[in-house]
Participant: 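The structure's right below; bear with me while I get my questions together.
Every heavy atom of this structure was used, including side-chain atoms; hydrogens, water molecules and symmetry mates were not.
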Amino acid sequence: MEIQIARTHFDSPVAQTLCDEIQAEYVRRYGGGDETALGAGDFDPPNGDFLVAYDESGEPLGCGGWRTHEDDAEMKRVYVREHARRQGLARRLVAAVEASAAAAGRRRLILETGPEQPEAIAMYRALGYVPVTPFGFYASEEGSLHLGKELRSKQSADA
């Protein structure tokens with residue numbers, strides 16, 4: 001499957017449709033949606049980015065983004081539609097989010113997830129994410145897992 005990953009404004013219809021699907025997934029898994037406050041401008045470069053993956057016909061298959069959190073980049077809304085799962089798309093989206101954050105000068109990418117997303121936890125751990133100090137809205141939530149990864153800038157990768 002040929003995939004194109006494109007920068008998309010967070011308040012665009014396609015981004016909001018995918019985010020609504022993510023919230024429905026959270027309701028199914030946790031009994032409620034993610035209550036973290038997100039603003040459309042949180043994902044505007046150079047302080048953030050929001051990406052959507054499209055197939056060759058232009059159908060949106062998934063998304064992911066990052067926003068500034070203190071000196072770090074916080075990854076949010078990584079999601080792949082059910083029919084496109086288990087094909088490596090989530091890893092590609094995470095890699096694109098990492099590259100975007102590194103290009104913006106961020107040295108670390110952090111995220112929060114929970115126990116009802118074991119496939120996400122396994123993927124993040126396989127990609128080198130390790131526990132970090134809890135942060136944000138769910139910092140004191142029992143079961144909340146906070147992970148992070150040091151990013152390589154393009155300059156250090158080229159060296």
Side-chain angles (χ1 to χ4, degrees), residues 1 3 5-8 10 14-39 42-43 47-55 59-104 106-153 156-157:
M1 175 177 3
I3 300 297
I5 297 176
R7 177 174 285 146
T8 307
F10 185 69
V14 67
Q16 289 305 297
T17 296
L18 290 167
C19 287
D20 288 347
E21 290 177 19
I22 296 166
Q23 290 290 11
E25 183 82 8
Y26 294 152
V27 168
R28 186 179 70 75
R29 290 180 186 229
Y30 294 101
D34 180 356
E35 297 180 24
T36 305
L38 299 177
D42 290 354
F43 297 92
N47 297 314
D49 203 1
F50 197 79
L51 306 167
V52 173
Y54 297 90
D55 70 10
E59 178 190 354
L61 299 177
C63 60
W66 68 272
R67 66 180 182 165
T68 298
H69 180 82
E70 297 176 1
D71 292 332
D72 297 321
E74 177 188 10
M75 188 157 36
K76 296 295 293 178
R77 301 297 186 254
V78 174
Y79 171 73
V80 174
R81 286 180 158 167
E82 191 167 349
H83 71 277
R85 293 179 185 165
R86 303 202 189 295
Q87 299 176 47
L89 183 53
R91 286 175 180 259
R92 289 180 64 183
L93 280 163
V94 169
V97 170
E98 290 174 352
S100 171
R106 301 298 168 176
R107 293 189 174 159
R108 185 171 78 149
L109 190 60
I110 58 174
L111 64 96
E112 181 276 328
T113 190
E116 300 303 320
Q117 295 169 268
E119 61 284 303
I121 293 168
M123 177 190 70
Y124 291 130
R125 288 192 169 142
L127 293 174
Y129 286 79
V130 297
V132 298
T133 303
F135 65 91
F137 187 82
Y138 294 101
S140 60
E141 187 76 23
E142 188 172 329
S144 184
L145 182 62
H146 297 82
L147 302 172
K149 180 179 177 179
E150 296 298 318
L151 299 175
R152 292 175 44 136
S153 70
S156 67

Participant: Are Gln117 and Tyr30 linked by a side-chain donor-acceptor pair shorter than 3.5 Å?
Facilitator: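 Their side chains do contain a donor-acceptor pair, which is all the 3.5 Å distance test asks for.
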Participant: Got a donor-acceptor contact below 3.5 angstrom from the Arg29 side chain to the Glu116 backbone?
Facilitator: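 Here the side-chain-to-backbone pair exists.
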Participant: So His146 and Phe135, would you call those rings parallel, tilted or perpendicular, with 30° and 60° as cut-offs?
Facilitator: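 If you compare the ring of His146 with that of Phe135, the planes turn out perpendicular.
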Participant: For atom CD of Glu119, decide whether the heavy atoms of other residues, nucleotides or ligands shown that lie under 6.0 angstrom number more than 12.
Facilitator: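 Yes, enclosed.
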Participant: For Thr68 and Arg106, test the side chains for any donor-to-acceptor distance below 3.5 angstrom and give the result as yes or no.
Facilitator: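 A donor-acceptor contact under 3.5 Å links the two side chains.
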Participant: Residues two or more places apart in sequence or in another chain: which of them pass salt bridge (charged side-chain N to carboxylate O under 4.0 Å, His left out) with Asp72?
Facilitator: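 Salt bridge (charged side-chain N to carboxylate O under 4.0 Å, His left out) list for Asp72, sorted by chain: Arg108.
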Participant: So, taking the atom named CG in Leu109 and the one named OH in Tyr129, what distance separates them when rounded to the nearest 0.5 Å?
Facilitator: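 Going from the CG atom of Leu109 to the OH atom of Tyr129 covers 4.0 Å.
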Participant: Check whether any side-chain N or O of Glu112 sits under 3.5 Å from a backbone N or O of Leu147 as a donor-acceptor pair, and report yes or no.
Facilitator: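 No.
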Participant: Can you list every pair that meets salt bridge (Lys or Arg N to Asp or Glu O under 4.0 Å) and has a residue in residues 86-96, with sequence neighbours left out?
Facilitator: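 As it turns out, there is no salt bridge (Lys or Arg N to Asp or Glu O under 4.0 Å) pair with a partner in residues 86-96 once direct neighbours are skipped.
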Participant: Side chains of Tyr79 and Glu25: is there a donor and an acceptor less than 3.5 Å apart?
Facilitator: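 Not at all, the side chains of Tyr79 and Glu25 share no donor-acceptor pair under 3.5 Å.
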Participant: Check this for me: Arg85, atom CZ, are more than 12 non-hydrogen atoms of other residues, nucleotides or ligands nearer than 6.0 Å?
Facilitator: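 Enclosed: over 12 neighbouring heavy atoms sit under 6.0 Å from CZ of Arg85.
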Participant: Looking at every non-hydrogen atom in both residues, tell me the closest pair between Val97 and Gly64 and how far apart they are.
Facilitator: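 Val97 and Gly64 have their closest heavy atoms at CG2-C, 3.7 Å.
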Participant: When rounded to the nearest 0.5 angstrom, what is the spacing between CG in Leu51 and CG in Leu93?
Facilitator: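 Taking CG in Leu51 and CG in Leu93, the distance rounds to 7.5 Å.
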Participant: To the nearest 0.5 Å, tell me how far Phe43 CZ sits from Ser100 OG.
Facilitator: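 That separation rounds to 11.5 Å.
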